[in-house]
Amino acid sequence: MKYIGVNGVLTEAAKAVIHVSDHGFLYGMGLFETFRTYKGVPFLLDRHLHRLQEGCRMLGIPFQPDEEQLTRHIQHLMVANGLDEAYIRYTVSAGEEVLGLPTGDYTRPNHILFAKPLPSTNTQTGQSTSPSALQLLRTPRNTPEGEVRLKSLHYMNNILAKRELQQYAEAVRYKAEGMMLTADGFLAEGMVSNLFFVRNNTLYTPDLSTGILPGITREFILELAHLRDIPCEQGLYRWDELKQADEIFMTNSIQEIRPVDLLLEPGGATNHLSVLLTQPRSITALLLHDYRQKAGIK
């Protein structure tokens, strides 16, 4: 990246800094959203900004979203970095404050905007065409700090999970996503994605009560499934139930829907699934088709 957006100003990456007294740095007080563009336009931006606004309200960080202004800033940043499509990260940190826990709301947040190339996948859609694996992790999903998990700057749990993932040769070989369970052993979420699986033509996903992030793409997929009259259930499920699934896929805003065809366990056990996107009437394929249509991809 040649340029980064800092409080609305295009800034050379080497000169993009915030003060060491920013509570985003000192205490992890800040939130971020990641999303991507289609034809140069941020997708589902209104939903991302709404989640960001609600999270900032809970943390006492002033934030009034301006979708049109942010879209212009994103597009200017993409041009400056020579990008037609981009992976976008928008961070709002609490801003500078005195050392110590705050007694009131914050007043001077910092806004940081990154734009980088999409992952090396299908150049038109960003969708991976390679087989996808899911590695069961021993690192449990931590519980949210509040009533609902925020997409906060405190990411130690995910980083510890990623460090564990790198210990498994098969997971590294297949570039697997790591699957975290709750402390009670229920399926939670991936390190950077939400989980769905299909069994007997019903779509299942872990309930928000497991402490998972209420993903924007997760919510959108549930809406698309409802439009197709696909039965959906949100609940508490075990790893062994994935072994009996007809289809499994992970979702996030960058990878869209990523089907899983290989399950890996710490002890080396593997389980292959037989239903892939090569079967056009699979629920995974139908939802991916609908997702891309909404994103304006033919």
Side-chain angles (χ1 to χ4, degrees), residues 1 3-9 11 13-36 42 44-45 47-65 70 73-74 77 86-116 137 139-165 177-178 180 188-194 208 211-218 252-254:
M1 288 178 290
Y3 294 93
I4 295 172
V6 181
N7 294 322
V9 178
T11 306
K15 298 179 180 179
V17 297
I18 60 171
H19 199 277
V20 293
S21 65
D22 190 303
H23 275 205
F25 167 68
L26 290 176
Y27 302 112
M29 290 296 288
L31 302 169
F32 71 99
E33 293 287 332
T34 55
F35 45 91
R36 61 154 296 170
L44 300 179
L45 181 57
R47 300 186 186 214
H48 285 281
L49 290 179
H50 176 74
R51 182 171 67 176
L52 186 57
Q53 183 179 30
E54 285 300 299
C56 284
R57 179 185 59 78
M58 294 171 63
L59 298 181
I61 299 174
F63 178 69
Q64 286 295 326
L70 180 59
H73 188 29
I74 289 170
L77 184 60
Y87 172 122
I88 306 296
R89 171 170 164 149
Y90 180 33
T91 301
V92 179
S93 71
E96 295 177 43
E97 268 294 346
V98 297
L99 189 63
L101 301 184
T103 57
D105 289 346
Y106 293 98
T107 59
R108 297 173 293 171
N110 283 309
H111 298 250
I112 311 297
L113 191 62
F114 295 91
K116 69 175 186 178
L137 299 177
T139 303
R141 192 63 170 119
N142 63 348
T143 56
E145 289 86 352
E147 292 183 4
V148 63
R149 183 174 300 280
L150 302 179
K151 200 171 179 70
S152 77
L153 303 186
H154 174 46
Y155 240 53
M156 186 184 296
N157 187 218
N158 302 64
I159 292 172
L160 290 175
K162 184 63 176 287
R163 290 178 63 83
E164 180 191 347
L165 184 71
E177 165 69 311
M180 291 186 284
E189 60 188 341
M191 299 180 304
V192 295
S193 57
N194 287 121
L208 293 180
I212 62 175
L213 181 75
I216 299 299
T217 306
R218 175 186 182 275
N252 68 31
S253 296
I254 305 301

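All of these numbers come straight from a predicted model, not from anything done at the bench. Values below: all heavy atoms of this structure, side chains included; hydrogens, waters and symmetry mates excluded.
For the atom pair CG of Leu26 and OG of Ser21, the computed distance is 7.0 Å after rounding to the nearest 0.5 Å. Considering CD of Gln53 and CE of Met58, their distance stands at 13.0 Å, rounded to 0.5 Å. Between the OG1 atom of Thr34 and the NZ atom of Lys151 there is a distance of 4.0 Å, given to the nearest 0.5 Å. Annotation: the span from Arg149 atom CZ to Leu208 atom CG amounts to 11.0 Å, rounded to 0.5 Å. Note that the CG atom of Asn142 and the CG atom of Asn158 stand 7.5 Å from one another [nearest 0.5 Å]. Atom CZ of residue Phe35 and atom CZ of residue Arg47 lie 14.5 Å apart, to the nearest 0.5 angstrom.
The shortest side-chain heavy-atom distance between Met191 and Leu137 falls under the 4.5 Å cut-off. Annotation: side chain of Leu59 is in contact with side chain of Met29 (closest heavy-atom distance under 4.5 Å).
With Tyr27 contributing its side chain and Gly100 its backbone, the two residues share a donor-acceptor pair below 3.5 Å. Put simply, the side chain of Glu97 never gets that close to the backbone of His23: no donor and acceptor are under 3.5 Å apart. With hydrogens and angles disregarded, no donor-acceptor distance shorter than 3.5 Å links the side chain of Glu96 to the backbone of Arg108. A donor-acceptor pair is defined here as one N or O able to donate and one able to accept, closer than 3.5 Å; such a pair exists between the side chain of Asn157 and the backbone of Pro140. Under a 3.5 Å cut-off, the side chain of Glu33 and the backbone N or O of Leu49 do not form any donor-acceptor pair. At least one donor-acceptor pair closer than 3.5 Å links the side chain of Arg51 to the backbone N or O of Pro214.
Defined by atom type and a distance below 3.5 Å, a donor-acceptor pair is missing between the side-chain atoms of His154 and Ser152. Asn252 and Arg36 share no side-chain donor-acceptor pair at under 3.5 Å. There is a side-chain donor-acceptor pair under 3.5 Å between Ser253 and Thr217.
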- Where do Glu189 and Leu213 land on the side chain to side chain contact (heavy atoms under 4.5 Å, CB included) test, with the steps shown first? CA-CA 8 Å; Glu189 60 188 341; Leu213 181 75; 3.8 Å; yes
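When ring centroids are compared, Tyr155 and Phe32 come within the 6.0 Å threshold.
A side-chain contact (heavy atoms from CB on, under 4.5 Å) with Leu45 is found for exactly one of Leu70, Ile216, Ile88, namely Leu70. Each of Leu52, Ile112, Leu31, Leu113 was checked for a side-chain contact (heavy atoms from CB on, under 4.5 Å) with Thr91, and the lone residue meeting it is Ile112.
The two atoms that bring Gly30 and Ile61 nearest to each other are CA-CD1, 4.2 Å, heavy atoms only. Of all non-hydrogen atoms in Val92 and Cys56, the two that sit nearest each other are CG1-SG, 4.2 Å. The heavy-atom pair separating Asp22 from Ser93 by the smallest distance is OD2-OG, 2.8 Å. Of all the heavy atoms in Pro42 and Ile74, the pair that sits closest is CG-CD1, 3.8 Å. Here the closest non-hydrogen pair linking Ser193 and Glu177 is OG-OE2, 2.5 Å. When every heavy atom of Met180 is checked against every heavy atom of Ala161, the shortest pair comes out as SD-CB, 3.7 Å.
In this view, Thr143 satisfies the side-chain contact (heavy atoms from CB on, under 4.5 Å) rule with no residue, not counting sequence neighbours. The side-chain contact (heavy atoms from CB on, under 4.5 Å) test applied to Pro62 returns Tyr106, Pro109, not counting sequence neighbours. In this view, Ala188 and Arg141, Thr182, Ile212 satisfy the side-chain contact (heavy atoms from CB on, under 4.5 Å) rule, not counting sequence neighbours.
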